[in-house]
Participant: 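I'd like to ask some things about the structure below.
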Amino acid sequence: MNQATTTAPEGAQPDFSTFGLDAAILRAIVEQGYTTPTPIQQQAIPIALQGRDLMGAAQTGTGKTAGFSLPILQRLVPTQSASVSPARHPVRALILAPTRELADQVADNVATYAKHTQLRSAVVFGGVDIRPQIEALRAGVEIVIATPGRLLDHVQQKSINLSQVQILVLDEADRMLDMGFLPDLQRIVNLLPQSRQTLLFSATFSDDIKKLARSFLRDPATIEVARRNSTNENVTQTVYAVAEPDKHRALVQVLRERELKQVIVFVNKKLGAGRLSRLLERDGIPATAIHGDRSQAERTKALEDFKAGTIEVLVATDVAARGLDISALPAVINFDIPYNAEDYVHRIGRTGRAGATGDAISFCSPEEERSMADIEKLIKSPLKREALRLPARERFGDERPAGRADGARPARDDARAPRDDARPPRADRDDSRGDRPARSHGATGHGIRHGRGAPVDEFFLKPYEPSGASVAAAKAESEADKPAATSAIKRKQNVGLLLGGYKR
DNA sequence: AAAAAAC
């Protein structure tokens, strides 16, 4: 619960029982140990119960899922029937989510809250056998949680009929309405009755998306708990100025220094995710990757192993940026600065959930200052660039061999580094002593020194101090909303940063 | 520019 954004009057002590929910639903809530609704729940539930359309913005980790699940169940309870005929079980509520893992998680939540009711739900997403999904739908369900592609597949196969849907929910609504999803979403919405209730939830809504969203809503209520696009204040944000080739070492350093045992490391690209997780394994750090090029089985296992604690570091693309609720996750690291400022808000929202505190650490290279500035503008708070003391690379064993601009190692070195984890951690093998000629792709590989391999020297990255001018410019830009006028200023400042902040 | 989402 986010105390700082609580809007309840003093002494009013809100309680779930005040919503007039069915006893069966209330019982499930109590069993979950919930007593006090969060601010978004307090505000959203009564409105949703009235059947009104709703656009709800609340910070990450403040219980949006229950905010729409509970009223859905309540609205459907009177129509529940014990009949198993699908004809008597038309789909009455449809919840769409942008990733399979999130759909799965939302479905778990819905099933939990519906446990003592007669209402049934099914989850439907791609990458897994479609047949069990068809069976579940045939048996009859009132609530379907889905990702768009597989849902349309079911529509084509006629294993689902959406003509009786009374309630549509878009979880992570701004993502569902973006260019990549919009065509599928439009197709789905066209299959639904015109007269229905539509609920939109997210932690972020850009002005453009808000406008677009209105075209899907009828006379909507708008709820903004705290400020739209704001980060959770329980999350401490740190930005380290780190040059691109130093990021791997910086990561190992931060993991060790802070003794982080559970952390999601976000990267921007799928290839980068696989590469980094393998490097970490070579460092003796239990890591795995989750991204869209992995099979669904691999994705599911990665997430499960991470949740179980078998894996300490989950290297993830933005497939894991939104919605995923990993209990007590202490920290998130942005190895890459996300291209979209909104994604930053969602990424760091994986930590500091349900009132807990969390750490968000970002590695910002000179090339990424533009993105970082966009983030600061979005969240309306400047973030100081901190210096990070790094152990030196091996004098000649540079992790970025000459001629390779992308930092990848030559193929033969790659061949020497098996993809699986059969190999013992590098620290134990100790083949990184300086008793032989250093090679550009040599035994030190990524250049990490640890264990007995003491650093030969250290260098110090001078932090970027946000100048008064840059802060003022960011403020002016966000207030006056004149991006064209200030982007030139921003560019100039970045040149300054490049020269002053990152020279080595 | 990238990621996500059906087969």
Side-chain angles (χ1 to χ4, degrees), chain A residues 94-107 122-134 137 144-160 162 170-189 191 202 204 206 209 244 264-277 289-300 302-303 314-324 334-347 349-350 365 367-375 405-406 487:
Chain A
L94 175 63
I95 303 169
L96 296 176
T99 67
R100 297 162 180 176
E101 286 78 8
L102 182 56
D104 206 24
Q105 176 185 296
V106 171
V123 64
V124 147
F125 56 76
V128 295
D129 192 352
I130 197 170
R131 285 168 299 187
Q133 295 176 0
I134 293 174
L137 295 172
V144 167
I145 302 94
T147 51
R150 179 57 71 87
L151 181 68
L152 286 168
D153 196 351
H154 281 288
V155 168
Q156 271 190 332
Q157 297 196 32
K158 306 220 188 294
S159 44
I160 195 168
L162 298 176
L170 303 187
D171 197 8
E172 305 297 340
D174 59 324
R175 168 62 78 242
M176 300 307 295
L177 292 169
D178 86 5
M179 297 295 281
F181 278 106
L182 200 52
D184 276 356
L185 183 70
Q186 194 63 65
R187 261 174 235 130
I188 292 166
V189 169
L191 298 166
S202 184
T204 53
S206 73
I209 292 292
E244 210 55 55
I264 299 182
V265 175
F266 282 104
V267 297
N268 286 353
K269 298 180 185 182
K270 291 180 278 194
L271 271 173
R275 206 183 298 148
L276 184 56
S277 75
I290 185 166
H291 58 73
D293 275 353
R294 301 201 80 187
S295 71
Q296 191 51 44
E298 289 171 323
R299 283 165 59 161
T300 305
L303 194 56
L314 183 64
V315 185
T317 59
D318 283 319
V319 70
R322 284 173 175 259
L324 295 189
N334 289 311
F335 190 87
D336 297 324
I337 303 303
Y339 299 120
N340 292 326
E342 282 84 5
D343 288 334
Y344 174 86
V345 173
H346 291 276
R347 284 181 179 187
R350 294 320 94 217
S365 72
E367 299 82 7
E368 295 174 311
E369 280 293 340
R370 290 288 296 277
S371 305
M372 202 66 233
D374 288 345
I375 290 164
D406 59 1
S487 62

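The shown structure was predicted, so the numbers you read here are calculated from the model rather than taken from an experiment. Within every chain, numbering begins at 1; the chains are lettered A, B, ... in the order of the sequence lines, protein sequences first and strands thereafter.
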Participant: Taking only the side-chain heavy atoms of Lys269(A) (C-beta and beyond), determine which of dA6(B), dA1(B), dA3(B) contains the nearest atom.
Facilitator: dA3(B)
Participant: Does Asp318(A) pair with Lys269(A) as a salt bridge, N-O distance under 4.0 Å?
Facilitator: no
Participant: Without swapping roles, check the side chain of Gln133(A) against the backbone of Phe125(A) for a donor-acceptor pair under 3.5 Å.
Facilitator: yes
Participant: Assign Asn268(A) to base, sugar-phosphate, or nothing according to its heavy-atom contacts below 4.0 angstrom with the strands shown.
Facilitator: sugar-phosphate
Participant: Would you tell me if any nitrogen or oxygen in the side chain of Arg175(A) comes within less than 4.0 Å of OP1 or OP2 on dA5(B)?
Facilitator: no
Participant: Of all the heavy-atom pairs spanning His154(A) and Val124(A), show the shortest one and how long it is.
Facilitator: CD2-CG1, 3.4 Å
Participant: Report yes if some heavy atom in the side chain of Pro98(A) is under 4.5 Å from a heavy atom in the side chain of Thr147(A); otherwise report no.
Facilitator: no
Participant: For a quick check of understanding: with a heavy-atom distance under 4.0 Å over all strands, which category does Asn340(A) fall into, base, sugar-phosphate or nothing?
Facilitator: base
Participant: For the residue pair Ser365(A) / Glu368(A), report whether a side-chain donor-acceptor contact shorter than 3.5 Å exists.
Facilitator: yes
Participant: Between P on dA5(B) and CG on Leu152(A), what's the gap in Å once rounded to a whole number?
Facilitator: 14 Å
Participant: Rounded to whole Å, please give me the gap between CZ in Phe266(A) and P in dA4(B).
Facilitator: 12 Å
Participant: I need the CG-P distance between Asp336(A) and dA3(B), as an integer number of Å.
Facilitator: 10 Å
Participant: Specify the separation, in whole Å, of atom CG of Asp184(A) and atom P of dA5(B).
Facilitator: 12 Å
Participant: For dA6(B), take OP1 and OP2 only and decide whether either is under 4.0 Å from a side-chain N or O of Thr147(A).
Facilitator: yes
Participant: Could you state the atom-to-atom distance from CZ of Arg370(A) to C1' of dA1(B) in whole Å?
Facilitator: 13 Å
Participant: Under 4.0 angstrom, heavy atoms only, what part of the nucleic acid is Gly180(A) near: base, sugar-phosphate, or nothing?
Facilitator: base
Participant: For Gln296(A) and dA6(B), give me the distance from atom CD to atom C1', rounded to whole Å.
Facilitator: 13 Å
Participant: From C-beta outward on Thr99(A), which listed nucleotide comes closest to its side chain: dA6(B), dA5(B), dA1(B)?
Facilitator: dA5(B)
Participant: So if I take every side-chain heavy atom of Phe125(A) and compare against dA3(B), dA6(B), dA2(B), which nucleotide ends up nearest?
Facilitator: dA6(B)
Participant: Quick one: Asn334(A) CG to dA2(B) P, roughly how many Å, whole number?
Facilitator: 18 Å
Participant: Students often get this wrong, so: under 4.0 angstrom with heavy atoms, is Arg299(A) touching a base, only sugar-phosphate, or nothing?
Facilitator: sugar-phosphate
Participant: Tell me: CD of Glu172(A) to C1' of dA5(B), nearest whole Å?
Facilitator: 15 Å
Participant: Closest to the Asp178(A) side chain: dA1(B), dA5(B), dA3(B)?
Facilitator: dA3(B)
Participant: Side chain of Arg100(A): nearest nucleotide among dA6(B), dA1(B), dA3(B)?
Facilitator: dA6(B)
